[in-house]
Amino acid sequence: MDAAVKQRGRGVSADHAEAVTRAIDEMRAGLGRAQPLAALARTGMFSPFHFHRIFRDTTAFTPARFLTALRMAEARRLLLHSSMPVHRVGTRVGYTSNGGFITHFGRVVGMSPTRFRSLVRALGDTRAGEWLPSLPDVLDSPGETVVARHASSVPASLAMSWLFTPGQPPGRPCTTSVGGGTSRIRLPRPPGPGAYWVVTMIVPAQSRILDALVDDVPESYLVGRSRLSLNRQELRPVVVPVHLRRPERTDPPVAAVAPLCWSPM
């Protein structure tokens, strides 16, 4: 079981965490086939309703959103590392319609698979530190309601933070912020009061951009998440402490389901 799950607690028992991990392993092994909630719930011997709740409590994503993130992450890797036609990439990650894959990919990533392939291949061995001078200082971002505060031993880094809510379409964050080199990431104003997850990702200056944001190499970035509840329209920014750590099996590949706002190209 992941150490972070043990530390987070929040009512997630060891049995629940192990069931979620088994379900994630099942998702990863079968990205090209249908994976209904009932089948995933059976891996942990839970009812679909109960499994859906414990999965969300453990990962911050619903099973459907987590599966979407895994499929988008694998599609991005295939677009980068293979010459596979776009329609075959879509088939490999579970889409029966090429048009459906292109539409979904564009909605999540903000561009077509073909454009994404061209962009990421042009990055080559670019390191995060090479982008820092061209990124905004996120301390100066206007209109914020949430400030993700983290303690990082990496002073020069690419910093990203996302606000997720269960009401959004699968995998899509409702607000996003990107910048460099600070310990406080200010997010744009969320849609309104409600329950959110604040997810933060830090890419050290020496890490390859593609390792962290496409290939999902655990050693290339730090990640953390915290719960947030907004009961009213806040007049002042709400500061949310986020503990950063190496990614683990129960962490969704969040960069795969966010618009490609991290690229200054």
Side-chain angles (χ1 to χ4, degrees), residues 1-77 90-96 100-101 104 107-108 162-174 193-201 216 218 223-231 240 242-258:
M1 181 177 64
D2 290 340
V5 173
K6 293 179 183 178
Q7 294 171 1
R8 281 193 295 271
R10 302 186 187 279
V12 177
S13 71
D15 287 345
H16 289 180
E18 289 169 5
V20 168
T21 302
R22 286 197 301 272
I24 292 172
D25 290 344
E26 183 74 12
M27 289 179 182
R28 291 183 184 276
L31 292 178
R33 65 172 185 266
Q35 300 199 41
L37 177 62
L40 293 171
R42 283 197 295 271
T43 65
M45 305 293 288
F46 293 111
S47 70
F49 176 82
H50 188 47
F51 176 75
H52 187 277
R53 181 176 61 80
I54 65 172
F55 193 101
R56 186 180 59 193
D57 288 345
T58 304
T59 69
F61 274 33
T62 65
R65 294 176 75 179
F66 201 104
L67 181 58
T68 292
L70 293 179
R71 284 175 166 160
M72 288 293 107
E74 180 62 14
R76 287 153 55 109
R77 284 190 287 269
T91 300
R92 283 281 293 271
V93 297
Y95 290 83
T96 57
F101 170 64
H104 195 181
R107 185 168 64 244
V108 170
W162 300 275
L163 209 61
F164 287 94
T165 176
Q168 293 295 304
R172 182 94 181 204
C174 57
Y196 298 92
W197 281 94
V198 178
V199 182
T200 299
M201 184 177 184
D216 199 28
V223 68
R225 62 179 183 256
S226 293
R227 294 176 186 266
L228 169 68
S229 180
L230 294 177
N231 297 320
V240 181
V242 177
H243 171 69
L244 294 175
R245 52 179 170 73
R246 293 295 182 190
E248 297 171 339
R249 288 160 70 195
T250 52
D251 288 309
V254 290
V257 290

Where [X] and [Y] come nearest, the two heavy atoms and their spacing:
{"X": "Pro253", "Y": "Asp216", "value": "CB-OD2, 4.1 Å"}
{"X": "Ala38", "Y": "Pro48", "value": "CA-CG, 4.0 Å"}
{"X": "Ile24", "Y": "Thr250", "value": "CD1-CA, 3.8 Å"}
{"X": "Val240", "Y": "Ser226", "value": "CG1-CB, 3.5 Å"}
{"X": "Ala23", "Y": "Phe55", "value": "CB-CE1, 4.4 Å"}
{"X": "Cys174", "Y": "Thr165", "value": "SG-CG2, 4.1 Å"}

Review point. Which is it for Phe66 and Thr62 under the side chain to side chain contact (heavy atoms under 4.5 Å, CB included) test, yes or no, and what are the steps along the way?
Key: CA-CA 6 Å; Phe66 201 104; Thr62 65; over 6 Å; no
With rounding to the nearest 0.5 Å, note down the distance linking [atom1] in [X] to [atom2] in [Y].
{"X": "Thr59", "Y": "Glu248", "atom1": "OG1", "atom2": "CD", "answer": "13.0 Å"}
{"X": "Ser47", "Y": "His52", "atom1": "OG", "atom2": "NE2", "answer": "11.5 Å"}
{"X": "Phe49", "Y": "Leu37", "atom1": "CZ", "atom2": "CG", "answer": "11.0 Å"}
{"X": "Arg65", "Y": "Leu70", "atom1": "CZ", "atom2": "CG", "answer": "13.5 Å"}

Practice item. Determine, using ring centers only, whether Phe51 and Phe46 are less than 6.0 Å apart. Key: no
Do [X] and [Y] have side-chain heavy atoms sitting under 4.5 Å apart?
{"X": "Thr200", "Y": "Val223", "answer": "no"}
{"X": "Met72", "Y": "Val93", "answer": "no"}
{"X": "Leu40", "Y": "Arg22", "answer": "no"}
{"X": "Thr21", "Y": "Glu18", "answer": "no"}
{"X": "Phe61", "Y": "Arg56", "answer": "no"}

**Study point:** Glu74/Arg71 ion pair, N-O < 4.0 Å
**Key:** no
Check your understanding: Is Asp251 salt-bridged to Arg246, cutoff N-O under 4.0 Å?
Key -> no
Check your understanding: Parallel under 30°, tilted from 30 to 60°, perpendicular over 60°: which one fits the rings of Phe164 and Trp162?
Key -> tilted
Please tabulate, for side-chain N and O atoms in residues 25-35, each donor-acceptor pair with protein atoms closer than 3.5 Å (sequence neighbours left out).
residue	atom	partner	partner atom	Å
Asp25	OD1	Arg249	NH2	3.2
Asp25	OD2	Arg249	NH2	2.4
Glu26	OE2	Arg33	NH2	2.8
Gln35	NE2	Met27	O	3.1
Gln35	NE2	Gly30	O	2.6

Practice item. Determine, stepwise, if the pair Thr91 / Phe101 fulfils side chain to side chain contact (heavy atoms under 4.5 Å, CB included). Key: CA-CA 8 Å; Thr91 300; Phe101 170 64; over 6 Å; no
**Study point:** Stepwise side chain to side chain contact (heavy atoms under 4.5 Å, CB included) check, Val198 with Arg225
**Key:** CA-CA 5 Å; Val198 178; Arg225 62 179 183 256; over 6 Å; no
